[in-house]
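I have placed the structure first, in the form of structure tokens, so that the comments after it can refer back to it.
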Amino acid sequence: MTTLAQEPPYESHELSDEPWGGSEGYATHDVTNQPPPLAPYDASDDTALLEGVRREGAGWAEDGLRRLGRRAGSAEAQEWGDLANRHEPVLRTHDRYGNRVDEVEYHPSWHHLMRVAVGEGLAGAPWADDRHGAHVARTAGGLVWGHTEAGHGCPTSMTYAAVPALRAQPELAKVYEPLLTSREYEPGLRTPTDKRGLLAGMGMTEKQGGSDVRTNSTTATATAEPGVYTLRGHKWFTSAPMCDVFLVLAQAAGGLSCFLVPRVLPDGTRNTFRIQRLKDKLGNRSNASSEPEFDGTVAWLVGPEGQGVKTIIEMVNCTRLDCVMASATLMRKTLVEAGHHVRHRTAFGARLVDQPLMRNVLADLALESEAATTLTLRLAGAADRAVRGDEGEAAFRRLATAVGKYWVTKRGPAFTAEALECLGGNGYVEESGMPRHYREAPLLSIWEGSGNVNALDVLRALGRSPAAAHALFGELSLARGADARLDTAADRLRAGLAEASETGARRLVELMALTLQASLLVRHAPPAVADAFCATRLGGDWGHAFGTLPDTADLDGILARALPGED
């Protein structure tokens with residue numbers, strides 16, 4: 001038997017002619033026909049985005065968006081997104097001495113991402129900004145900074161959404177709003193009023209009911225101090241548990257009510273917020289989602305008893321808009337990745353980007369992406385004007401946000417899968433980043449009400465407020481006469497409203513979304529984009545998968561707009 005001692009000594013490769021390494025490299029490992037890294041790139045280099053920002057009243061923010069876009073597309077920021085997802089949050093229930101601490105530890109990259117997001121005003125800052133278009137600028141910032149990664153958008157979204165809900169209790173808003181609208185990111189659990197900036201979360205769903213929050217069993221018991229209660233119960237899906245304060249639903253004597261729950265009480269002691277576990281999620285891995293238990297947890301009433309859903313609905317409207325925004329961002333990010341790959345990859349004797357069928361796929365994706373971005377910014381414009389007292393825009397926002405939440409987030413998974421396929425096997429490996437985007441895509445349709453919840457919410461909005469339908473058709477009328485296919489769809493939609501049913505809610509809401517997107521593109525996009533969208537999404541000249549645009553579509557015009565710099 002041969003032993004290691006009997007093995008012949010290794011030869012010195014310094015004297016060998018074999019090209020095994022060093023400066024010569026492996027002769028069989030020359031890398032050709034692979035794209036270079038995408039980063040650095042400008043995530044704001046999106047014509048539809050910039051045009052929408054100007055149109056919706058936030059043109060003053062363009063220079064900042066450009067700066068943020070370059071930072072989002074930098075190699076450093078892209079690496080932060082990767083690392084924050086590879087090194088997932090870790091729950092620490094106790095310290096070394098056995099004291100209950102209920103803390104979640106994040107990778108430093110998470111904090112880098114959060115610091116930029118909060119500093120750029122992507123959390124609560126617009127509520128303290130009197131400029132017209134402040135809420136549009138924030139949404140546009142999310143469309144740009146979201147190119148880094150999606151998970152950290154959860155706490156910034158909830159913080160943004162918490163402010164209008166908290167205003168239902170002016171005494172609490174006076175204390176907490178200046179800190180929730182701050183641009184200072186200060187992680188760690190401390191007395192809220194001793195910090196320079198706060199983050200807010202929300203605790204609504206429970207395991208027995210999910211979206212049916214009226215079945216919540218968490219109880220709220222009034223104390224001798226007016227407005228102060230203690231909570232007892234278990235929440236099922238509370239994300240970002242290291243936020244400073246949470247808006248929570250619980251059953252009080254007067255019915256389901258909304259409460260403010262701080263992690264640290266005003267006297268500096270820890271409030272009872274026992275994190276039972278973190279969710280093992282499909283995607284969104286950088287963001288901790290938890291199951292907290294309340295037991296004698298101190299809480300402050302927000303709004304009247306029994307009006308919890310009404311109080312928190314404003315928060316839901318804001319977070320639903322952010323789901324639309326995040327899905328549109330994911331579409332744009334994966335389109336950019338796909339476009340970069342096909343520009344630098346050759347197959348069958350030609351660059352992929354020059355091959356007709358690949359151009360059809362990319363152009364079809366580009367139409368979907370532009371429609372999503374344009375609708376997102378229109379919704380943000382409605383939100384901005386509604387905050388300033390425009391009742392018509394408030395009615396439009398109430399209906400159209402639910403419509404957009406249903407449809408744009410539904411399109412995300414199919415879109416992301418097609419963009420991933422443009423990279424072939426290269427897109428199926430984790431290093432490409434595309435699997436992370438693909439896992440993220442379904443989340444946005446689930447959070448803040450799944451497809452059925454949003455479709456039925458549209459029916460409720462139509463039934464309760466005639467102004468909602470009036471606002472929608474008023475918007476559609478602005479494009480009347482510009483495209484016969486759009487006019488026909490709008491007429492079909494009006495007829496469909498008269499026969500609306502729960503069974504057909506998805507079909508009706510889909511038609512609403514496509515008609516609304518088409519009207520926006522007809523009014524604001526070039527003819528190449530508007531005509532192809534109307535022909536396919538409304539006119540039926542389309543297949544059942546992306547890449548089935550008709551031969552008459554102006555692929556070159558669509559791609560020149562969607563992928564600037566194509567040669």
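All of these numbers come straight from a predicted model, not from anything done at the bench. Numbers here simply count residues along the sequence, with the first being 1.
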State, with a plain yes or no, whether a side-chain heavy atom of [X] is found less than 4.5 Å away from one of [Y].
| X | Y | value |
| --- | --- | --- |
| E393 | D384 | no |
| D554 | D556 | yes |
| K405 | V316 | no |
| L508 | L493 | yes |
| W407 | E510 | yes |
| H147 | R332 | yes |
| D483 | F533 | no |
| D390 | F396 | no |

Is [X] reaching over with its side chain to a backbone N or O of [Y], donor-acceptor style, under 3.5 angstrom?
| X | Y | result |
| --- | --- | --- |
| S369 | A366 | no |
| S477 | R480 | no |
| R351 | R345 | no |
| E206 | K235 | no |
| T416 | G412 | yes |
| S465 | A461 | no |
| E430 | P435 | no |
| T409 | V324 | no |

Just wondering, more than 12 heavy atoms not from [X] lying within 6.0 Å of its [atom1]?
| X | atom1 | answer |
| --- | --- | --- |
| R523 | CZ | yes |
| R494 | CZ | no |
| E391 | CD | no |
| H524 | NE2 | yes |
| E421 | CD | no |

- Query: Got a sec, which pairs hit salt bridge (Lys or Arg N to Asp or Glu O under 4.0 Å) with one end in residues 440-460, sequence neighbours left out?
  - Reply: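 Pairs touching residues 440-460 that pass the test: R320-D457, R398-D457, D457-R460.
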- Message: Regarding Y41 and H340, do their side chains bring together a donor and an acceptor under 3.5 Å, going by distance alone?
- Response: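 No pair is found: no donor N or O on one side chain lies under 3.5 Å from an acceptor on the other.
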- Query: If we ignore angles and hydrogens, is there a donor and acceptor under 3.5 Å between the side chains of N284 and R439?
  - Reply: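 Side chains of N284 and R439: no pair found under 3.5 Å.
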What's the spacing between [X] [atom1] and [Y] [atom2] if we round to 0.5 Å?
| X | Y | atom1 | atom2 | result |
| --- | --- | --- | --- | --- |
| Y438 | E418 | OH | CD | 11.0 Å |
| L379 | M325 | CG | CE | 12.0 Å |
| N454 | S445 | CG | OG | 7.5 Å |
| H135 | T139 | NE2 | OG1 | 9.0 Å |

- Query: Can you name the ring pair (Phe, Tyr, Trp, His ring centres under 6.0 Å) partners of F546, sequence neighbours left out?
  - Reply: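 Here the qualifying residues are F415.
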